[in-house]
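Notes follow once the structure below has been shown.
Quick note on labels: first sequence line is chain A, next is B, and so on, each numbered from 1. Atoms considered below: every heavy atom in the structure, side chains included; atoms not considered: hydrogens, waters and symmetry mates.
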There are 2 protein chains.
Amino acid sequence: MTALAKSDDWIDRFEGLSKLEPGLRNVLTTRSHVVRLPADSVIFGPGKSPDNLLLLLQGTVRVQQLAENGREVVLYRVTAGESCVLTTACMLAYEDYAAEGIAETDIVAAAIPRGVFDDLVASSKEFRNFVFRAYSRRITDLFHVIEDIAFRRMDIRLAQKIIERADTGVLKATHAQLAAELGTAREVISRQLAEFQRRGWIAQSRGVIEILDCEGLRALAQS
Amino acid sequence: MTALAKSDDWIDRFEGLSKLEPGLRNVLTTRSHVVRLPADSVIFGPGKSPDNLLLLLQGTVRVQQLAENGREVVLYRVTAGESCVLTTACMLAYEDYAAEGIAETDIVAAAIPRGVFDDLVASSKEFRNFVFRAYSRRITDLFHVIEDIAFRRMDIRLAQKIIERADTGVLKATHAQLAAELGTAREVISRQLAEFQRRGWIAQSRGVIEILDCEGLRALAQS
DNA sequence: GGCGCTTGTGTGACTAGGTCACTGATCGCG
DNA sequence: CGCGATCAGTGACCTAGTCACACAAGCGCC
């Protein structure tokens, strides 16, 4: 861990923090530290509550819910320029949750210790707004997850996911990963993808989905 | 709306606020107001964002998610002695959520205006802890809802709900209400209840479920 | 009382989604 | 090349959600 004293321009990358008072910028750069973690690190999870608020500078963190039977759902992702605020709430009390945060890529983050977080919340209206806005965003995400799982059809959700996560027409993911993403079973994904393939929308090979007809997918996704 | 200047003992009913500094107790009692709302009032919802933080003194508020097709799920309930914190997050930004809060009974609450909330967060560590603890609790609730919907069987969830919400062995609720509670369809509830009845666990009449064999239900509920 | 209206419940047929127990395919690697 | 590990496909079966009804209970009102 190294202090961030050298520069404070990273702060501006966080929506809502650019107008932070100069003195407090200093607090952030001198009292928070850079952490670097390799992909697949467990940032927090059952029995591992974080004691820093992370502001992500590079990489993405996937937050997912685990069930006893081994199934999982992805709740949301934290990307560069965002903060892992929900962990601040979870730092205190109510430890019995089964969500975990995992680095999806190598990540670089500014770690703000609990005490500094508290000071900043106390002393800066800017920072308070930043925190509550971040909460708002995450909670809205959770609402959407609930709506999706409870009320939307799998084929539609899968089509959306493919479009959303494909990079230049190609998505590298196994059926099992997509199932975990959507909170369903592997077989369900396999069958849906087989159907997409039958319709000529995609081509498949081990661990790879190639989009052939984006329009077809898109039409399904927004119905 | 009337100011609360006369007494401040209600503050102690909120876990985490009892050690609030005397000066700030004053702020709460003089700058917040009592609101009384009849059962079924919509506290907040799409297009109706609240501009007060409510601390519930009496009654309960049900927060539920609505879907286009008319179905709904109950996300959590706020009871006397708790606060409606998630609304503070939702007060700002990200207005596109489809959750609404409804008074389940006649309610009495202390309404803390946005500015006062902000002042208190700034000036009191006690109050900050109160707020973040409340967030923590709600978010944990949401995690549980997601886990339930995604991974648990309906019969188990229904048995739990019946036990949880029954009062002296009797639950007054229509099948449609229970369906909305659990985010499923009315027919599903009807069929499950028919099965519970066949097993001698409950008796039914219009709008009423009577528990006959609590052990049977309980055994199912915790499996 | 008999009449309609509203609300709540029961049912059958069907589709979608999840589970189980497999088989076969593909890959990396010694 | 052979072997183990991972990934994908499949059929049978069960649970859950949808649709289109019929039926029943309560309620007001001539």
Side-chain angles (χ1 to χ4, degrees), chain A residues 40 65-73 145-162 170-199 202-210 220-221 223, chain B residues 40 65-73 145-162 170-199 202-210 220-221 223:
Chain A
D40 299 322
Q65 171 95 353
L66 306 170
E68 320 78 42
N69 55 359
R71 274 173 58 194
E72 25 184 295
V73 216
V145 170
I146 291 173
E147 191 173 349
D148 271 17
I149 297 179
F151 306 127
R152 306 194 91 85
R153 295 172 49 95
M154 272 307 316
D155 52 358
I156 296 174
R157 295 172 58 206
L158 179 58
Q160 285 176 340
K161 213 29 124 185
I162 291 173
V170 173
L171 173 56
K172 298 203 177 191
T174 66
H175 297 186
Q177 285 168 343
L178 288 168
E181 190 81 28
L182 296 171
T184 183
R186 202 254 318 155
E187 296 91 321
V188 175
I189 299 294
S190 292
R191 282 195 267 264
Q192 294 290 359
L193 288 178
E195 176 62 19
F196 289 178
Q197 189 171 33
R198 202 192 57 74
R199 294 189 194 171
I202 61 168
Q204 296 188 71
S205 58
R206 194 171 232 247
V208 178
I209 294 167
E210 187 188 352
L220 174 60
S223 64
Chain B
D40 299 323
Q65 170 95 353
L66 306 170
E68 321 77 41
N69 55 0
R71 274 172 59 193
E72 27 184 294
V73 217
V145 170
I146 291 174
E147 190 172 351
D148 271 16
I149 297 178
F151 306 127
R152 305 195 91 86
R153 295 172 50 94
M154 272 307 317
D155 51 359
I156 295 173
R157 296 173 57 205
L158 179 57
Q160 286 176 339
K161 218 20 129 181
I162 291 173
V170 173
L171 172 56
K172 299 202 175 192
T174 66
H175 297 185
Q177 284 168 344
L178 288 169
E181 193 73 35
L182 296 171
T184 183
R186 200 255 317 154
E187 296 91 320
V188 174
I189 299 294
S190 291
R191 282 194 266 263
Q192 294 290 359
L193 288 178
E195 177 62 19
F196 289 178
Q197 189 171 32
R198 201 192 58 73
R199 296 188 193 172
I202 61 168
Q204 296 187 71
S205 59
R206 192 172 235 248
V208 179
I209 294 167
E210 188 188 350
L220 174 60
S223 65

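- No engagement by A:R152 is indicated, since no non-hydrogen atom pair under 4.0 Å with the nucleic acid exists.
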Residues 146-156 of chain B, side-chain donor-acceptor partners within the protein, below 3.5 Å, at least two apart:
residue : atom : partner : partner atom : Å
B:E147  : OE1  : A:Q65   : NE2          : 3.1
B:R153  : NE   : B:D155  : OD1          : 3.2
B:R153  : NH2  : B:D155  : OD2          : 3.1

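- One atom, CZ of B:R157, and another, P of D:dT15, lie 16 Å apart when rounded to the nearest Å.
- Residues that satisfy the side chain to side chain contact (heavy atoms under 4.5 Å, CB included) test with B:L66, not counting sequence neighbours, are B:Q64, B:E72, B:E100.
- Closest heavy-atom contact between A:H175 and A:S190: ND1-OG, 2.9 Å.
- Taking only side-chain nitrogens and oxygens, B:Q192 comes nearer than 4.0 Å to OP1 or OP2 of D:dA16.
- Sorted by first then second residue, the salt bridge (Lys or Arg N to Asp or Glu O under 4.0 Å) pairs that include residues 171-182 of chain B, not counting sequence neighbours, are B:R77-B:E181, B:K161-B:E181.
- Applying the side chain to side chain contact (heavy atoms under 4.5 Å, CB included) test to A:Q177 and every residue at least two apart in sequence or in another chain returns A:A173, A:T174.
- On the nucleic acid side, DNA chain C contacts chain B at distances under 4.0 Å to non-hydrogen atoms, with the end points of that region at C:dT7 to C:dA13.
- Heavy atoms of B:E195 sit nowhere under 4.0 angstrom from any nucleic acid atom.
- Contact annotation: B:T184 side-chain N/O to D:dA16 OP1/OP2 distance is not under 4.0 Å.
- Among residues two or more places apart in sequence or in another chain, the salt bridge (charged side-chain N to carboxylate O under 4.0 Å, His left out) test is passed with A:E195 by A:R198, A:R199.
- Partners of B:N69 according to the side chain to side chain contact (heavy atoms under 4.5 Å, CB included) rule, which considers only residues two or more places apart in sequence or in another chain, are B:A67, B:R71.
- Residue-level contact check: A:R71 touches the backbone only, with heavy atoms under 4.0 Å from sugar-phosphate atoms and none from bases.
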Note to self: For nucleotides 7-13 of chain D, give me one character per nucleotide, 5' to 3': B if any protein heavy atom sits under 4.0 Å from the base, S if the only such contacts are to the sugar-phosphate, - if neither.
What the structure shows: SBBBBB-
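- Atoms CD1 (B:I189) and P (D:dT18) sit 12 Å apart, rounded to a whole Å.
- In this view, B:A194 satisfies the side chain to side chain contact (heavy atoms under 4.5 Å, CB included) rule with no residue, not counting sequence neighbours.
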